[in-house]
Structure formats: structure tokens, C-alpha cells
There are 2 protein chains.
Amino acid sequence: MTAAKRAIADALVASAIDLAADELTRRVQSTRPEISPSTVYRVLDEFEELAIVEHAHLGHGATVYHLAGVPHGHLVCTGCGLSFEVPAELFDPLARDLLERYGFTLDRHHVAVAGLCERCRARDQDRRADPSH
Amino acid sequence: MTAAKRAIADALVASAIDLAADELTRRVQSTRPEISPSTVYRVLDEFEELAIVEHAHLGHGATVYHLAGVPHGHLVCTGCGLSFEVPAELFDPLARDLLERYGFTLDRHHVAVAGLCERCRARDQDRRADPSH
DNA sequence: CTAAGTGCAAATAATTTGCAACATG
DNA sequence: CATGTTGCAAATTATTTGCACTTAG
């Protein structure tokens, strides 16, 4: 294994949450500034083929990556942009339904659904109740 | 209402499926070649604010747009790239769950989940059974 | 008229690719 | 030493923005 791969793997292990390639590159470069973004993308691709890493698409934002082995879905708030990781089992009933009705096999660790978090929901309702709009 | 908006609205009404801004621009330009992509993006934004149009993110592909009023979710096959529209009610149980457990209000018409369609699933299993890999 | 809307070209952002230099086994 | 890896710069794709010009009301 090469130095670049080592550094990228380390950064992935060290981070608790999903990271965009962008952010991952920044972290890797804090130790090894010579490692280029393209290498990060290439290594991530390779890691994915080896099933070491998985990615998900969070709305319009950049693709995020995380170590495989901790399956989880994502809730993305369209109000504030924050995203939350939730256990993959939450999607099991849906997965069963999709398989039965459409023959579609849901990829649970790749799921990101949009909506409003509690806070943004509340703010939205206030706005609707408020006459000034 | 301006000519550009009229043309874009017409193209949206005429298309049965969700379109990327890219494809929508192409269709609009087949009639009015002078209409620029930036106008398409700007008008789509405006239509969204008026709740005439909604968008969804299908995996790593471009954002797709469709007329509001026909709520539906999307299944995106990571094998062949095809996407399927499914009734929004399919996500109601999940929506209920997310609200109860996380206070998260699912945006049903904005949902796109990844997985494998029947055909790609089958191909995948074949590949796994086949010794040549 | 006058503000809103538009075309065009340039700017961003995320990602990919070509290629020559380099490191690893 | 042969091959797989990398860094860098340039190319791509999707989208946004600045700005001068046009058009609808």
C-alpha cells in the first residue's frame, strides 16, 4: 500500500461522519499537502470497488463517502442543509415493499431522503401563520 | 408572461417524464433556439417558488424537474442508470416513522432512492454465481 | 417609460482525464 | 526494471452570475 492510500484510509477512519471528497482532501492535505484531489477521487473509487468505502448523494450537495460496515441512511433538511445519519433498518419495510411491488432492491446505505428537520418545520409553520408574507 | 416562460412551461407540460435542465433546454431550443440555458435555470427557479414545478436529485446525475401536482418518488438503478417513478404514497409509512422518531418531515415528491432494478439484480447474481470473476 | 426579464460570456464547483514523473514490489 | 500510482494541469459537466440590452405592462 502506498503513502497516499494510507493517508486517505487514515482520514476516513478518523472521521466520525460522512465526508465530501473536498473535505476529505483538505484533511489528508493537512498531513500530506502533496496529495492531490484527483488521487483522492481515484483512491476512493478503488476503495469502493474493494467494498471498503461507500458513498451517498445528499441532495444537490457533493457526494459523501464513509467507511463501509456501518450501514446507515441519511435525512437531509432542505431548510438548513444539515444532514442526519439514521440506522439503515429504518428503511427495511420500504425495502420489502419496493422488492415486492417493483422487484427493486433498495440500497439501504445509499439512501438520502429530503425533507425538513424539526426546527425548520417549526419555522416554516410560523412563517405561514404570520400575516407578514 | 414572456415568450421564454411560455416556451418552458409548454415543454414541461408536453413531457411525460422528469427532465434535466439540459434536456429541457434542448427541447425548448428546438422551437426557440435563442432561449439560453441560464434562462431555463432562472425560470425553473421561479416556477419552483410559485410551486408550479418541483425538482429531485437522482443519484449523481443532474437535477430533474417536473410539474407539481403529480407527487411521485423515484427509484434509481445504480446498475443501468435508469430511474422509475413510483407513487408518493409508497413512502407514507416511512414518512410517519421519520416524523415520530426524528421529527423529520419527509418531502415525498423529492425522494429518490438508489438500488438495483430487477434486471440488474439478476445480472448481478449471475455474475456472483459465475466462477469467471 | 421603467422595472423585470433575457442572452451571452465568463465564473464556479465537483469531478474526470491525459500524461509524464515516480515509487513499489 | 515493469507496472501500477501519483501530481499537475487541462478538460468536462452542471449550474450560477455579471452585465448590457430588450421587452412587457
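Here is how names work: the chains are called A, B, and so on, in the same order as the sequence lines, proteins then strands, and each is numbered from 1. From a predicted model like this one, the values you see are computed outputs, not experimental measurements.
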- Task: Figure out the CD/P separation between Glu34(A) and dA23(C), and round it to whole Å.
- Result: 11 Å
- Rounded to whole angstrom units, what separation is found between the CZ atom of Phe47(A) and the P atom of dT5(D)? 11 Å
- Query: What integer distance in Å separates Asp45(A):CG from dT6(D):P?
  - Reply: 12 Å
- Query: What nucleic acid atoms does Ser38(B) come within less than 4.0 Å of, heavy atoms only: base, sugar-phosphate, or nothing?
  - Reply: base
- Between the side-chain atoms of Arg42(A) and the base atoms of dG4(D), is any donor-acceptor pair under 3.5 Å? no
- Message: Tell me whether the rings of Phe104(B) and Phe84(A) are parallel (<30°), tilted (30 to 60°) or perpendicular (>60°).
- Response: perpendicular
- Thr2(A), nearest nucleotide to its side chain (from dT16(D), dT15(C), dT24(C)): dT24(C)
- Message: Given dT6(C), dG7(D), dT16(C), identify the nucleotide with an atom nearest to the side chain of Lys5(B).
- Response: dT6(C)
- Message: Just the rounded figure in Å: distance from P of dG7(C) to CZ of Arg32(B).
- Response: 11 Å
- Mark yes when over 12 heavy atoms from residues, nucleotides or ligands other than Arg119(B) sit less than 6.0 Å from its CZ; otherwise mark no. no
- Query: Between the main-chain N or O of Ile35(A) and the side-chain N or O of Thr39(A), is there a donor-acceptor pair closer than 3.5 Å?
  - Reply: no
- Rounded to whole angstroms, how far apart are NE2 on His57(B) and C1' on dA14(C)? 15 Å
- Message: Could you go through Arg121(A) and Glu118(A), starting from their C-alpha distance and side-chain angles, then the distance that decides it, and tell me whether this counts as salt bridge (charged side-chain N to carboxylate O under 4.0 Å, His left out)?
- Response: CA-CA 5 Å; Arg121(A) 181 79 206 295; Glu118(A) 205 148 21; over 6 Å; no
- Message: Quick check: His55(B) with His110(B) (ring centres under 6.0 Å apart)?
- Response: yes
- Interatomic distance, Tyr41(B) OH vs dC8(C) C1' [rounded to whole Å]: 16 Å
- Task: Using atom CG of Leu58(A) as one end and atom P of dA14(C) as the other, report the distance to the nearest whole Å.
- Result: 14 Å
- Note on the structure: Of dG7(D), dA14(D), dA14(C), the nucleotide closest to the side chain of Asp22(B) is dA14(D)
- Message: In whole Å, I'd like the distance from the CD atom of Glu46(B) to the P atom of dT16(D).
- Response: 15 Å
- Message: Does a side-chain N or O of Thr39(A) approach OP1 or OP2 of dT6(D) to a distance below 4.0 Å, or not?
- Response: no
